[in-house]
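To keep things clear, I will list the structure first and then write my remarks on it.
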Amino acid sequence: MAENTYDAIVVGSGISGGWAAKELTEKGLKVLMLERGPNIVHKTDYKTATLAPWEVPHRGRRTVEMVENHPNLKRDYVLNELNLDWWAHESESPYIETKPFTWFRGYQVGGRSLLWGRQSYRLGDIDFEANLKEGIAVDWPVRYKDLAPWYSYVEKFAGISGNKDGLAQLPDGEFQPPMPLNCVEKDVADRVKKAFDGKRLVTIGRVANLTQPLEGRSQCQFRNKCSLGCPFGGYFSTQASTMPAAIKTGNLTLRPWSIVTKLIYDKDSKKATGVEIIDGETNQTYEFNAKIVFLCASAFNSTSILMRSATDIWPEGLGSSSGELGHNVMDHHFRLGANGTAEGYDDKYYFGRRPNGVYIPRFRNIDGDKRDYIRGFGYQGGASRSGWSRNVAEMNFGAPMKEALSEPGPWSMGITAFGEILPYHENTIKLSKDKVDKWGISILEMDAEIKENEKKMRVDMMNDAAEMLEAAGLKNVNTFDSGYTFGQGIHEMGTARMGRDPKTSVLNGNNQVWDAKNVFVTDGACMTSAAAQNPSLTYMALTARAVDFAVTELKKGNL
């Protein structure tokens, strides 16, 4: 095999890229995996994962300097001292907000698989059929039956703990034993089920944290430090799971600091012959060749690579022939719900720091329920006792205060809603015509907003939360709406959607780019609609399925 030539190139090393590398190498292909940022070695490079708060200069919190230097990261919890370098820095990789947009990116080996919330849910036929039934956007080219075996396949390897709940709108999967609900959550679950005749369910979240050892990984240690990297391998990440499997084959070449500028497209064969990169450290340009390319750089970055490719044939980029490339931006809108206090549990506590909470699956616009909006939402949250840092208004200083703070505080419970955003054609990203990043690459302009359907939904998202907590007997129930900026869900999706017709979609039902059949996109860019569930498990299943198809076609000589 010639130098710089491989059977397959995978762009990106996050959740989708890791799966693509694992599946391709295990099927015997020589694979080059390109990551635009530095390498992060499992265990070795989790610098803060085992440190106590008092062992870091600012106790892990944000500083004034950090706030000044990171105007986008400061908008949410992601800005902190412990893993700052795992989030893309705005000064190096800026973007333009035509409308307010919060974009949190992980530019290192492992990507956001090191940082994700790990909630792992299947989409069901209610999700795959919704666009067609409601006349929204285009029809998904797949149905639940097409993905069900691939969901099972990835769940078994990734390690998803959860409860089988028997809901049509949230299909059950291949689960390790669920994490336990605490005493307040159990009682709330029972009372909600009774109050709403079983139509609303409070269950434990289905999460990519192990409750049993798996493939050399230890079970979750209940430290709740997942965003710092897990030296035990207790949660699914590229480093702990898919990369070791790919390395084991001897077929993987990993190249960090490799920023893909474009795909190299051959108009005669109508295929990509490889990729061009800029070395992020030396600024040197290189080309790598391959028979197939998997774009897994995260939704917007995969789309931006397409936009920068084959522009001599399609001015808007490879995959733009439909007019849909860069359109149909989606996320999940949230940051609203309710909370309250639970009385009568002061003699009870819980074990460890469970890195998971409760989940309340969608119950609106199903089973005969009709609202003045379409689609729906779910809730995530949990119950806990406040700790020593709580305010004690009735005490001042001295021994009484010290004694009070040595005991756990009162129980409270909160739930936050996550709602579906429809795939609006006018919600877009595009390449800037005059602004570039540190490496001279055109940056993205974001132009997306929620519309009336989501705004109507948000009324129920908040009020239904209060209704359930009150029905469960909580006191001092308060609703909240902290406001939502597009992108804050960190579930950016769309911009290179799957479909059934090359005139209305960028990808076909096998995640192939219609305009280049040896290019596959299997990250969030491919999503045709968002559903209400966290999407990462679907990326895994789509990736494994697409690789199986690609290798089969390659062996047949069709690619």
Side-chain angles (χ1 to χ4, degrees), residues 119-148 150-151 165 167-173 199-201 206 299 322 324 327-334 359-379 417-427 448 450-461 464 486 489 491-501 504-509 511 524-539 541-542 545:
Q119 295 291 300
S120 302
Y121 304 100
R122 296 187 179 198
L123 272 59
D125 273 328
I126 188 175
D127 305 305
F128 291 116
E129 296 173 357
N131 279 5
L132 179 63
K133 289 182 176 180
E134 296 162 355
I136 300 295
V138 298
D139 184 22
W140 274 91
V142 296
R143 291 292 185 264
Y144 178 65
K145 64 180 177 59
D146 300 311
L147 274 192
W150 295 104
Y151 276 131
D165 298 307
L167 300 177
Q169 71 270 33
L170 192 73
D172 290 331
K199 293 183 178 180
R200 301 187 190 183
L201 174 71
R206 300 173 180 180
S322 65
E324 293 298 330
H327 293 268
N328 314 298
V329 173
M330 295 173 286
D331 186 29
H332 287 124
H333 63 110
F334 72 125
Y359 189 69
I360 302 175
R362 174 182 169 182
F363 53 82
R364 287 302 186 195
N365 288 320
I366 59 174
D367 297 329
D369 178 75
K370 296 291 183 182
R371 314 303 292 174
D372 61 349
Y373 53 85
I374 61 173
R375 311 294 168 95
F377 50 89
Y379 292 92
F418 288 75
E420 179 169 357
I421 295 176
L422 296 178
Y424 301 106
H425 178 80
E426 57 270 33
N427 279 347
I450 61 171
K451 300 186 185 296
E452 287 306 309
N453 194 71
E454 291 77 36
K455 292 175 182 176
K456 290 178 180 178
M457 186 187 295
R458 289 179 74 81
V459 176
D460 274 2
M461 291 165 76
D464 288 357
F486 219 111
H491 295 164
E492 65 270 19
M493 291 174 274
T495 67
R497 71 183 179 196
M498 298 171 71
R500 299 178 181 272
D501 188 339
T504 58
S505 57
V506 179
L507 312 172
N508 67 14
N511 294 82
C526 76
M527 297 290 279
T528 310
S529 65
Q533 301 93 299
N534 301 57
S536 294
L537 185 70
T538 299
Y539 305 163
L542 286 170
R545 177 176 177 268

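Not measured: the values here are computed from a predicted model.
For R497, the salt bridge (charged side-chain N to carboxylate O under 4.0 Å, His left out) criterion is met by E324, not counting sequence neighbours.
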- Task: Could you check R200 against D464 for side-chain contact (heavy atoms from CB on, under 4.5 Å), going step by step and ending with a plain yes or no?
- Result: CA-CA 11 Å; R200 301 187 190 183; D464 288 357; 4.2 Å; yes

Q.
Go through it in stages, so that I can follow the logic: the residues are H491 and N534, the test is side-chain contact (heavy atoms from CB on, under 4.5 Å), and I'd like the CA-CA distance, side-chain angles, deciding distance and then a yes or no.
A. CA-CA 7 Å; H491 295 164; N534 301 57; 3.5 Å; yes

Could you go through the side-chain contact (heavy atoms from CB on, under 4.5 Å) check for H327 and N427 one step at a time? CA-CA 6 Å; H327 293 268; N427 279 347; over 6 Å; no

Self-check item: side-chain contact (heavy atoms from CB on, under 4.5 Å) between C526 and L507, worked out
Solution: CA-CA 7 Å; C526 76; L507 312 172; 3.4 Å; yes

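Under the 4.5 Å side-chain criterion, counting only non-hydrogen atoms from C-beta, L542 is not in contact with W150. A 4.5 Å side-chain heavy-atom check between N328 and H425 finds at least one atom pair inside the cut-off. Taking the side chain as every heavy atom from C-beta outward, P141 and N508 never approach each other to under 4.5 Å. Between F363 and L201 the shortest side-chain heavy-atom distance does not fall below 4.5 Å. Under the 4.5 Å side-chain criterion, counting only non-hydrogen atoms from C-beta, I450 is in contact with R458. Residues M527 and Y539 are in side-chain contact: their nearest non-hydrogen atoms beyond the backbone lie under 4.5 Å apart. Residues D172 and R122 have side chains not in contact (no heavy-atom distance under 4.5 Å, counting atoms from C-beta outward). The closest side-chain heavy-atom distance from R206 to D165 is below 4.5 Å.
When all heavy atoms of G376 and A532 are compared, the closest pair comes out as O-CB, 3.7 Å. When all heavy atoms of G494 and A299 are compared, the closest pair comes out as O-CB, 4.3 Å. Summarising the geometry of L167 relative to P361, their closest heavy-atom pair is CD1-CG, 3.6 Å, with the distance given to 0.1 Å. Considering every non-hydrogen atom in both G509 and M498, the closest pair reads O-CE, 3.6 Å. Scanning all heavy atoms of the two residues, the minimum distance from M493 to A530 falls at CE-CB, 3.6 Å. When all heavy atoms of Y144 and D125 are compared, the pair lying nearest together is N-OD1, 3.0 Å.
One finds the CG atom of D372 at 10.0 Å from the CE atom of M457 (value rounded to the nearest 0.5 Å). The distance from atom CG of L123 to atom CD of Q169, rounded to the nearest 0.5 Å, is 12.0 Å. Annotation: the span from M461 atom CE to E454 atom CD amounts to 9.5 Å, rounded to 0.5 Å. The CD atom of Q533 sits 7.0 Å away from atom NE2 of H332, with the distance rounded to the nearest 0.5 Å. Here the straight-line distance linking atom CG of D139 with atom OG of S529 works out to 9.5 Å at 0.5 Å rounding. Atom CZ of residue R362 and atom CG of residue D367 lie 10.0 Å apart, to the nearest 0.5 angstrom.
For the residue pair T538/Y121, the side-chain donor-acceptor check at 3.5 Å is not satisfied. Looking at E420 and N453, their side chains never bring a donor and an acceptor atom within 3.5 Å of each other. Under 3.5 Å, the side chains of Y373 and D460 contain a donor-acceptor pair of N or O atoms.
In this structure a side-chain-to-backbone donor-acceptor pair under 3.5 Å is present from D127 to G124. No donor-acceptor pair under 3.5 Å is formed between the side chain of R371 and the backbone N or O of R364. N131 places a side-chain N or O within 3.5 Å of a backbone atom of V138 that can act as its donor or acceptor partner.
Salt bridge annotation for D146-R545: absent, with no cationic side-chain nitrogen under 4.0 angstrom from a carboxylate oxygen.
Counting non-hydrogen atoms of neighbouring residues, nucleotides and ligands closer than 6.0 angstrom, the NZ atom of K451 exceeds 12 such neighbours.
Among F334, F377, Y359, the single residue meeting the ring pair (Phe, Tyr, Trp, His ring centres under 6.0 Å) criterion with F418 is F334.
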